Chemist: 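Take this structure, written in structure tokens, and hold onto it; I'll ask about it next.
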Amino acid sequence: VTDAPEQTTTSVKPIAELFSGGAVAFWATTYNLGLALFNEYLLRRLGDPPLNVVVLADRRCIDETLASIPPERLDLIAPVNRRWLLRPVQFGTGRFHPKSYLVLTPRTAKLLVGSGNLSTNGLDAGREVFTVFSSGTASGDAAILAWRRWMRTLVSEIDDIRLAERFADLENRFPHRDGLAVVADNPLRDNLQRPLGDQFTDGVLAATDAVDELIATAPFYDENGEALCTVARRLSPKLVRVFVTSSTNVNGGELARRLSDLGAEIEILRYDPDRFTHAKLLGATSGSNGWLLSGSANLSHAALTLSAGPGNVELCVFTSLAADAVRASFLPLDAVAVAEPISSLAEIIYSKDEDVEPATHVVAILSATKLDDDRIQIVADTPLDPGWRLADHLTSQSLAITGTNATTTGPLIGHLVRLVDAAGALVSNHVVVDDPDALNKILTGSERSTSSRPSELTSADLDSSFGRALLWLHRNMVMDIADQSADASGGGSQRDESESAEDDDLWSRLERERLGRDPRGAVYRTFFGDRRAGEVTDPLAELLDSMRNRVPVLSEATGSSGEAPPPASPDEGPTRSWSTVARIRVRARNVLRRWAAAQSDPRLLWVDPLAPLGNLKAIASVFTILWERCADLGEEAEFGDDDLDDLWARWFMPFVGTGQGDGWLDRANLAPEHLDRVLDESFVGDVTLLCCLALRPGRDRRQRVIAWQPSLKAALDKDLIDITDSVATLYALLTGHGLDAVLLTDEMLAALTFIDDALWCSRTQEAIGVDQLSLDAADEGQTISVRIKLAGITDPLYDPRIPNLIVATRLYRRADSVALIATDHDWRLVAETDEPIMYLPSLRGQSTESSAVPPGAIEQLAETQGVLADLFPDLAATA
Amino acid sequence: VTAIDVPSEESGVGPPRWVAASLDVKEGRDPLGFQTTTIDRLMPRLLPGILENSDRARYFSFHAFLLDLYRAQRRPANSGALSDYIRAREWEYGLAVMVCPHECGSSPVGAIKLRSVVRRQDPPYPRGESVETAFGGFGLYYRSPMAVMGVVARAGTMLGDAPIAIDLLRDNDRARHLAQTFREAIADTAYFNTWMHRSDPLPLDVLVEYANVACLCQLNQHEDERAAVYDAMFESDLDSDAAEREESEEAEGLPGGLDYLADGDVTPLAVPVVQRRRSVAHYLTLVDTTPAIVESASTFRDALWSPRVRSDEHAIVAGQWAGLIAKDIWQEALCSIWSEFCRTGLAATWGHDGEGLSWDETQALARSLVTGPPTLDPDATTRGLIDSISSGLVSIGNVVVGDIDATSLEMLRTSTVAADTAASGLVVLLELHRRAHQREDAGWLQATAMRSVWQPSVADAFLAITQHLDCDPTVGDTLWWLVHSFVLSVHERIAYSKLPEHTFRFRWEDGRVRFYDNGIGRFRLAATRSETLATLTWDLGFWKRGESASLTPLGTAFINEVFP
């Protein structure tokens with residue numbers, strides 16, 4: 001018995017650690033998988049839905065497992081891809097070999113990384129090792145974050161939408177959404193980029209240049225043990241200690257010869273009792289220090305000296321330990337180590353079984369999905385042959401093929417399918433069919449939570465008709481993509497900044513697909529396309545009925561969540577007390593502001609290309625009613641006129657733009673005939689009324705007019721303003737200003753052209769791009785028509801903004817003589833047609849004059865971005 | 001140095017830990033889910049309110065007395081205190097039974113521990129507790145029956161608007177009478193008057209005096225008390241709402257209801273009582289015709305198959321009990337197939353370096369279980385085998401399987417148990433099917449329709465066999481069909497449901513069926529109340545011992561009353 005290591009007393013029970021209930025997510029990577037154990041026992045112990053369970057396993061292992069299931073035992077796979085997602089994985093020619101298990105509860109995350117597969121032996125009965133990481137500890141947080149990054153990379157590589165969707169969901173289920181603390185080094189090592197052997201030797205050699213011991217145990221080597229010897233040669237240890245069993249898979253004689261050639265002392269230790277030992281450990285010591293690599297990597301080239309692709313995908317833990325701890329880690333709970341001569345290795349033989357490639361199929365089915373009509377849609381890795389059929393255990397169906405995709409021409413009930421040729425011969429692997437509906441139900445716990453409502457609102461808010469209207473909008477229309485993305489965002493806040501952008505395409509596709517499936521998208525099609533007169537009631541009628549406390553026409557809009565807003569109580573209505581109605585004001589305003597801002601999210605178009613227009617249409621209807629309430633109830637209404645001004649501006653201005661091609665309507669680039677159809681009379685009427693109301697007489701009208709001018713002009717240009725008699729009548733009712741349509745039109749046109757000095761200065765300052773600009777009254781007796789004070793220009797003769805400013809001033813004041821006075825410098829400048837420009841660089845300096853300025857000269861300079869210096873001959877000569 | 005002795009590392013990541021098993025390997029007593037059909041489905045309906053171990057009539061009055069006394073003494077109304085009290089009194093009563101001056105040899109609750117005390121030490125005997133389980137023997141064997149009989153209200157029963165905290169004797173004549181008559185029986189004993197309330201060791205003479213009047217064997221000396229027990233078991237208080245509710249709850253879940261029992265002057269609420277009376281009366285008719293049943297469970301089974309009946313009501317209950325026997329034969333036959341399948345499978349697994357068998361290999365193994373005895377031809381048709389059986393050409397040992405006159409089903413059962421081969425199981429199963437699958441009397445249909453969560457009912461199994469035979473299978477086909485349908489998947493599902501207790505004898509893993517060596521062998525039949533009925537009816541004075549058992553006038557009167 002070796003005198004160095006003593007048996008470790010620490011142990012782990014993975015089943016108890018991982019499967020103890022209350023989980024919200026469980027993700028595993030494994031080489032092989034005990035399907036019955038997982039389905040019949042472990043899965044149940046995780047807890048109740050909502051539950052996100054995914055297992056990634058080696059493709060060839062899964063293929064073999066599925067192919068071996070007889071029709072009589074299809075019960076073994078009943079929950080697969082119904083209650084949880086199984087995805088076979090293959091990277092290059094290597095095996096998918098990492099063993100990691102992540103379980104999340106609402107408050108905790110736990111990660112096990114080790115040697116055991118997801119099977120009875122791997123998690124319970126075998127000689128395996130695991131390192132346990134828990135959130136809330138420095139090393140735990142670091143490892144869990146590293147695992148997430150690693151998994152994100154894997155998911156991107158696997159390129160499977162359903163898997164990506166679940167990973168996005170997983171990221172939102174992690175506790176501590178603001179991020180796990182990263183105060184410790186990442187203890188995980190993967191070989192996606194670099195071989196693990198290199199990382200191990202680099203790690204050791206970074207800490208020491210004198211390795212005392214190299215210690216190793218694993219069940220599988222490459223045939224001659226060369227991978228281990230490669231590591232040994234790099235570390236040049238004084239002693240190489242190798243633990244073996246009779247089932248160790250290596251050419252023992254060759255290993256002995258290679259070890260002997262290292263020039264180090266060799267120590268062979270056999271575990272007693274002799275039993276298959278699946279743990280994989282690689283350790284090194286130097287003095288009292290030690291380093292240990294533990295996890296999935298065997299002592300083979302595929303695991304140690306190759307990176308993923310040509311080699312396996314592996315995952316290990318690299319840790320610094322005391323030398324004694326490294327040695328102790330090599331002893332199983334139930335064994336001692338017995339020293340044997342190196343010659344005893346000759347008894348160990350190598351079997352090629354581990355590395356032999358199984359017979360490959362003509363084509364690999366990557367995924368199979370059940371459609372609503374029980375047809376099956378498959379995705380293959382190569383184009384499909386028209387003669388092939390998809391078969392389950394009972395029958396087969398022909399395929400409608402599009403390249404590598406195909407759909408059965410009829411229903412196929414079986415849960416396990418494969419491709420067969422015309423003669424019935426197998427041409428593909430077996431795959432378990434995805435049932436998207438069933439998977440989604442388990443993932444979410446239900447179709448949608450009955451408590452779903454805008455996050456700002458409380459349940460008490462839903463007692464009011466306005467609250468119910470907001471709830472209706474939330475449930476029946478996609479007002480804010482973030483409401484959905486919060487649950488399953490592919491590119492959400494959880495994403496690590498350091499991650500590669502290469503996978504953007506996958507996440508975009510994921511989100512596009514997910515949003516495209518949002519059942520609320522149907523309401524937009526009802527708005528703008530699919531509805532035939534008299535066939536379907538306008539969904540907005542239901543919303544407005546809800547606002548007006550009427551019985552809704554529809555119990556539920558198409559594609560809604562399945563829950564109608566709570567019915568209005570008979571005594572509820574406009575006469576409700578202020579405290580009941582107006583208490584919603586702040587929260588509702590926040591909801592509507594958030595929704596307004598969300599309309600510019602380009603992802604909204606993935607729900608429906610006209611979703612922002614549909615949303616505005618609904619909101620405009622709501623706002624007209626809110627104005628009615630405001631007029632009727634004043635302070636007791638949900639919103640005052642200020643709120644409505646603010647909200648309508650937030651909604652409408654980004655939609656229509658400022659005439660600079662910057663509105664949603666500009667970007668939508670709708671064909672005129674399409675535009676005519678979607679911008680219906682009702683919508684235009686609501687828009688016109690609301691815009692007129694925004695310009696109503698009263699407090700802050702000037703500011704409102706100024707603010708609205710660009711958008712109003714854009715709206716007029718786009719035929720969104722049409723002041724009809726009915727609009728004028730309603731306007732008069734709501735404002736008390738009795739104007740007919742003609743007068744109201746005149747008022748609007750006046751507003752469009754309204755301007756004053758302050759407004760002009762403000763706009764010009766912004767347009768010219770100076771720091772400050774003001775019109776100064778001319779002193780009595782002065783001949784100067786206009787005096788401009790400005791800041792932000794250092795050298796006016798060489799600044800192209802000055803000609804523009806002079807031209808703009810002349811246009812505004814219809815005057816010719818313009819004086820510019822710098823407030824942040826000493827310069828002054830006077831320009832007048834047919835006179836030289838007088839330029840005073842400083843109050844104490846000499847003035848300079850240009851040549852006489854002919855008519856149109858400064859205008860020409862402004863047009864060509866020229867500078868006044870061109871009009872100063874002396875300066876031009878100097879130049 | 002161990003890993004945990006080493007100071008923590010800078011990284012905070014400890015050493016990897018070796019896996020320790022969390023699954024506990026156990027044998028598993030009902031690997032195919034047959035016993036539960038009898039225990040949980042059939043017996044509660046055939047003999048409601050009588051458990052296998054609620055076998056001594058006097059314990060009904062004894063426990064009623066304890067509950068009554070506990071309340072009268074205003075002891076704490078919490079279950080822990082009541083449990084302690086009952087276990088202590090059961091211990092003292094058990095000591096008395098052990099030293100019964102009538103040398104009856106009765107076995108009280110906690111007999112093993114009591115016997116040890118009495119044998120190993122001289123009196124006075126220490127105080128103690130009967131069994132560790134809460135409420136002792138009362139909780140294990142008598143509480144549920146007494147509740148079903150309507151003499152005990154279980155804790156939680158609503159009393160007015162509030163639930164009661166502990167078990168209480170119900171406030172009805174039957175319950176009061178039960179307690180009172182036991183009290184009267186022991187009223188003059190030193191135990192009741194003094195020692196029952198003390199904690200010092202019990203003198204022998206006190207126990208002997210107590211046993212002289214109170215021992216389990218002395219119920220026949222106390223007519224009033226025996227009448228009280230009789231009333232508890234066979235009468236009901238229809239004006240007692242709580243009792244009615246419990247009884248009707250007990251009657252729920254019967255397939256097709258028990259309307260056939262609730263005819264004439266019997267109200268539906270009394271169904272459990274009527275069923276209990278009829279089953280006991282049926283037992284007594286068997287005692288009358290086959291006295292040896294009081295001594296032998298095997299004889300009891302044999303007698304149950306085709307008894308002589310006195311009336312239509314009797315035919316119904318006789319049919320029910322015959323159905324129970326058919327289920328046991330079916331179970332034993334499959335157990336023989338299971339046993340050889342596991343035995344052979346494990347051997348084959350060893351031959352595969354522990355790698356298990358592929359599905360095809362498993363199928364081949366099942367088809368090959370024909371070496372017997374009796375030896376069968378796997379390629380012969382099963383119908384051909386049935387013909388051979390019915391022609392008397394197939395024997396298991398000395399038992400000619402197809403000889404209906406000479407070979408009872410019980411003989412078939414014992415023969416396959418002795419042979420313990422799949423072939424014997426198949427032959428017995430086919431013969432059971434041949435003899436019984438067309439039986440259609442009401443009681444039989446009721447009982448054979450009972451199934452468990454895991455196994456189909458006998459009726460369904462017969463139907464499946466009939467359909468299977470319609471496919472004209474070979475013997476090998478039939479063996480594989482039986483293994484696949486009733487053994488393979490059933491056992492795996494049961495074993496998975498029992499995890500983390502690892503009770504697998506085999507399971508499908510990594511594409512192979514792997515066998516485990518943790519208790520291969522037969523599993524037992526569930527008890528069918530044979531001994532219980534014998535002792536209870538003897539305690540009640542329905543029959544007496546002599547050269548052979550014979551009915552007393554009381555027993556005969558009971559039969560006549562139940563089956564007029």
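All values derive from a computational prediction rather than experimental measurement.
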Chemist: For residues 283-298 of chain A, which residue pairs qualify under salt bridge (Lys or Arg N to Asp or Glu O under 4.0 Å), counting only residues two or more places apart or in two chains?
Modeler: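 Every candidate salt bridge (Lys or Arg N to Asp or Glu O under 4.0 Å) pair involving residues 283-298 of chain A fails, so no pair, neighbours aside, qualifies.
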
Chemist: Which bit of B:Trp359 is near chain A, if near means a heavy-atom gap under 4.5 Å: side chain, backbone, both or neither?
Modeler: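 Only the side chain of B:Trp359 comes within 4.5 Å of chain A.
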
Chemist: Tell me if a side-chain donor or acceptor on A:Thr137 pairs with a main-chain N or O of A:Gly140 at a distance below 3.5 Å.
Modeler: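 Confirmed, A:Thr137 side chain pairs with A:Gly140 backbone.
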
Chemist: Tell me whether A:Asp324 is salt-bridged to A:Arg327, with the criterion being a basic N under 4.0 Å from an acidic carboxylate O.
Modeler: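 Looking at A:Asp324 and A:Arg327, the cut-off is met.
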
Chemist: When you check the gap from the basic side-chain N to the acidic O, do B:Arg343 and B:Asp420 get nearer than 4.0 Å?
Modeler: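 Result for this pair is yes, salt bridge flagged.
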
Chemist: Between B:Phe34 and B:Trp338, is the ring centroid distance below 6.0 Å?
Modeler: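 Ring centroids of B:Phe34 and B:Trp338 are no less than 6.0 Å from each other.
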
Chemist: Which region of B:Arg512, side chain (C-beta onward) or backbone (N, CA, C, O), has a non-hydrogen atom less than 4.5 Å from a non-hydrogen atom of chain A, or is it both or neither?
Modeler: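 Nothing of B:Arg512, per the 4.5 Å heavy-atom cut-off to chain A.
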
Chemist: Between B:Phe515 and B:Phe341, is the ring centre distance below 6.0 Å?
Modeler: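 Ring-ring flag for B:Phe515/B:Phe341: true, centres closer than 6.0 Å.
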
Chemist: Identify, with sequence neighbours excluded, every residue that meets side-chain contact (heavy atoms from CB on, under 4.5 Å) alongside A:Ser294.
Modeler: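 Result, side-chain contact (heavy atoms from CB on, under 4.5 Å) vs A:Ser294: A:Thr131, A:Leu281, A:Val317, B:Pro16.
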
Chemist: Do you know which of A:Leu37, A:Leu35, A:Val132, A:Asp75 has the most heavy-atom pairs under 4.5 Å to chain B?
Modeler: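 Top count of heavy-atom pairs under 4.5 Å with chain B: A:Leu37.
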
Chemist: Looking at B:Arg507 and A:Glu40, is any side-chain nitrogen of the basic one under 4.0 Å from a carboxylate oxygen of the acidic one?
Modeler: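 Result for this pair is no, no salt bridge flagged.
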
Chemist: Which bit of A:Arg73 comes within less than 4.5 Å of chain B, counting heavy atoms only: side chain, backbone, both or neither?
Modeler: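 Answer is side chain: those atoms of A:Arg73 sit under 4.5 Å from chain B.
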
Chemist: I need the residue from A:Gly34, A:Ala125, A:Ala36, A:Ser115 with the largest number of non-hydrogen atom pairs under 4.5 Å to chain B.
Modeler: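 Of A:Gly34, A:Ala125, A:Ala36, A:Ser115, A:Ala36 has the most heavy-atom pairs under 4.5 Å with chain B.
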
Chemist: For A:Leu76, is it the side chain, the backbone, both, or neither that has a heavy atom closer than 4.5 Å to a heavy atom of chain B?
Modeler: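 Contact with chain B: side chain only.
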
Chemist: Applying salt bridge (Lys or Arg N to Asp or Glu O under 4.0 Å), name anything that partners A:Lys13, two or more places apart in sequence or on another chain.
Modeler: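 By the salt bridge (Lys or Arg N to Asp or Glu O under 4.0 Å) rule, A:Lys13 matches no residue at all.
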
Chemist: Is any NZ, NE, NH1 or NH2 atom of the basic residue among A:Glu314 and A:Arg189 found under 4.0 Å from an Asp or Glu carboxylate oxygen of the other?
Modeler: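 No salt bridge links A:Glu314 with A:Arg189.
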
Chemist: Tell me the residues of residues 466-485 of chain B whose non-hydrogen atoms fall below 4.5 Å from those of chain A, in number order.
Modeler: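 Listed by number: B:Trp480, B:His484.
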
Chemist: Counting only heavy atoms closer than 4.5 Å, note whether A:Thr120 contacts chain B via side chain, backbone, both or neither.
Modeler: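 Both parts, heavy atoms under 4.5 Å.
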
Chemist: Which region of A:Ser134, side chain (C-beta onward) or backbone (N, CA, C, O), has a non-hydrogen atom less than 4.5 Å from a non-hydrogen atom of chain B, or is it both or neither?
Modeler: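 Neither part; nothing is under 4.5 Å.
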
